[in-house]
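Below: the structure, in structure tokens.
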Amino acid sequence: MSDLRLVVFDVDGTLLDSEHNIVAAMTEAWAHMELGVPDPADVRRIIGLSLVEACAALLPWAPGHLHRAVADAYKQAFQALRLLPEREEPLFPGVAQALDELEAAGWLLGLATGKSRRGVQSMLDSHGLDGRFVTIQTADDNPGKPHPAMLHRAAAETGVDPARMVMIGDTAYDMQMARTAGVAALGVSWGYHGIDDLYRSGAAQVVDSFDNLTEIVERLTGLPPCA
């Protein structure tokens, strides 16, 4: 049996502070489609879902073709916003150090996100993270969260047993996905869903920072430090 171990991160709200751009792009998409103005709190709640599913959750009364049209308008708005110098999407504090420490401790790194592959690549390029993640699962290639397919594929691609994996995310969708896939779930408190939601959805622990992250994931999986 492989002795590899893997930490899989969500992106928006976990690694990347992208809330302002997401809310702004959805607001622009609604304006383009003459739908009024979405409640920012509602938009934050659907961050993490694949885009069409997110639009369906925001507009449950609308037919599928409108969900897809809003999703297309959102993509155009988001790409335009990304070109503006004042619309940066910074990493949350401690992210770069945590990635370095996990790799030094022998953990493989992965991503499982509702972003498109193009959006992920833009994030990797912007923050000098290209090549850091051995498996990248996006909404382009998988059913949306909380379906466990992203984690199943991450395990298959890397050869890591789910019992030796940890999913780190900020939403109930991440925690539900991990629980269904048989993967330890670690929540972060600075994202888009509340701490109580994370625990109810399967989080084994919720952290307020990435300090001591290596020790935490070792404890959640019951794995000793790498020799």
Side-chain angles (χ1 to χ4, degrees), residues 2 4-16 18 45-50 53 91-92 94-95 98-99 101-103 105-115 117 119-120 123-124 129 132-223:
S2 171
L4 297 175
R5 51 188 69 190
L6 173 67
V7 175
V8 181
F9 290 91
D10 170 56
V11 176
D12 293 315
T14 301
L15 298 180
L16 195 68
S18 48
R45 288 290 303 175
I46 53 81
I47 294 173
L49 295 175
S50 62
E53 290 174 334
L91 297 175
F92 285 106
V95 167
L99 297 180
E101 291 176 354
L102 285 167
E103 283 189 313
W107 288 83
L108 300 176
L109 306 178
L111 298 176
T113 174
K115 296 178 83 68
R117 187 160 289 274
V120 171
M123 181 272 290
L124 297 176
L129 296 176
R132 297 293 299 273
F133 301 95
V134 300
T135 179
I136 298 175
Q137 305 302 324
T138 73
D140 291 344
D141 311 311
N142 298 279
K145 300 175 185 178
H147 193 285
M150 291 189 189
L151 293 180
H152 288 164
R153 289 189 64 176
E157 287 183 1
T158 59
V160 179
D161 189 296
R164 301 173 67 90
M165 293 168 55
V166 178
M167 175 68 207
I168 302 179
D170 68 298
T171 69
Y173 315 126
D174 298 311
M175 303 300 101
Q176 291 165 2
M177 176 177 66
R179 182 177 61 189
T180 304
V183 170
L186 179 64
V188 301
S189 64
W190 54 82
Y192 306 134
H193 287 186
I195 293 174
D196 289 344
D197 286 341
L198 297 177
Y199 277 119
R200 280 194 295 266
S201 301
Q205 184 177 343
V206 178
V207 296
D208 295 323
S209 76
F210 277 149
D211 293 346
N212 305 312
L213 185 58
T214 300
E215 290 82 358
I216 292 169
V217 297
E218 287 171 352
R219 185 174 69 252
L220 292 183
T221 55
L223 296 174

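Source: prediction; values computed, not measured. One-based numbering along the sequence shown.
- Between Glu157 and Gln137, the closest side-chain pair of non-hydrogen atoms falls below 4.5 Å.
- Partners of Asp196 under the side chain to side chain donor-acceptor pair (under 3.5 Å) rule, at least two apart in sequence or in another chain, do not exist in this structure.
- The closest donor-acceptor contact from the side chain of Arg164 to the backbone of Leu4 lies under 3.5 Å.
- Here the shortest heavy-atom pairing between Ala163 and Asp161 reads N-OD1, 2.7 Å.
- Side-chain contact between His193 and Met175 is absent, with no heavy-atom pair separated by less than 4.5 Å.
- In this structure, the separation between CZ on Arg45 and OG1 on Thr171 is 8.5 Å, given to the nearest 0.5 Å.
- Side-chain contact between Val8 and Met177 is absent, with no heavy atoms from C-beta onward closer than 4.5 Å.
- Between Ser189 and Val206, the closest heavy-atom pair is N-CG1, 3.9 Å.
- How far OG1 of Thr113 is from CG of Asp140: 10.0 Å, rounded to the nearest 0.5 Å.
- Side-chain N or O atoms of Thr14 include none that pairs as donor or acceptor with a backbone N or O of Val11 at under 3.5 Å.
- Rounding to the nearest 0.5 Å gives a distance of 9.5 Å between OH of Tyr173 and OG of Ser201.
- Residues Thr135 and Arg153 have side chains not in contact (no heavy-atom distance under 4.5 Å, counting atoms from C-beta outward).
- Atom CG of residue Asp197 and atom CG of residue Asp170 lie 11.0 Å apart, to the nearest 0.5 angstrom.
- No side-chain heavy atom of Phe9 sits less than 4.5 Å from a side-chain heavy atom of Val95.
- Considering only heavy atoms from C-beta on, Ile216 comes within 4.5 Å of Leu186 through its side chain.
- Shown here for Ala181 and Pro162, the closest heavy-atom pair between the two residues is O-CB, 3.8 Å.
- Every residue meeting the side chain to side chain donor-acceptor pair (under 3.5 Å) condition with Lys145, not counting sequence neighbours, appears here in chain and number order: Asp10, Asp174.
- Contact of the Phe210 side chain with the Leu99 side chain is not registered, since no non-hydrogen atoms from C-beta on lie closer than 4.5 Å.
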### CA sep, side-chain torsions, deciding dist, call: Leu124, Phe133, side chain to side chain contact (heavy atoms under 4.5 Å, CB included)
CA-CA 10 Å; Leu124 297 176; Phe133 301 95; 3.7 Å; yes
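- Residues Gly110 and Leu6 share a closest heavy-atom pair of N-CD1, 3.8 Å.
- Scanning both residues, Pro148 and Thr180, for their nearest heavy atoms gives CG-CG2, 3.7 Å.
- Of all heavy-atom pairs spanning Ala184 and Ala178, the tightest one is O-CB, 4.3 Å.
- Between the CH2 atom in Trp107 and the CE atom in Met165 there is a gap of 10.0 Å [rounded to 0.5 Å].
- Within the 4.5 Å cutoff, side-chain heavy atoms of Ser18 are placed close to those of Tyr192.
- Put simply, CG on Leu220 and CG on Leu213 are 9.0 Å apart, with the number rounded to the nearest 0.5 Å.
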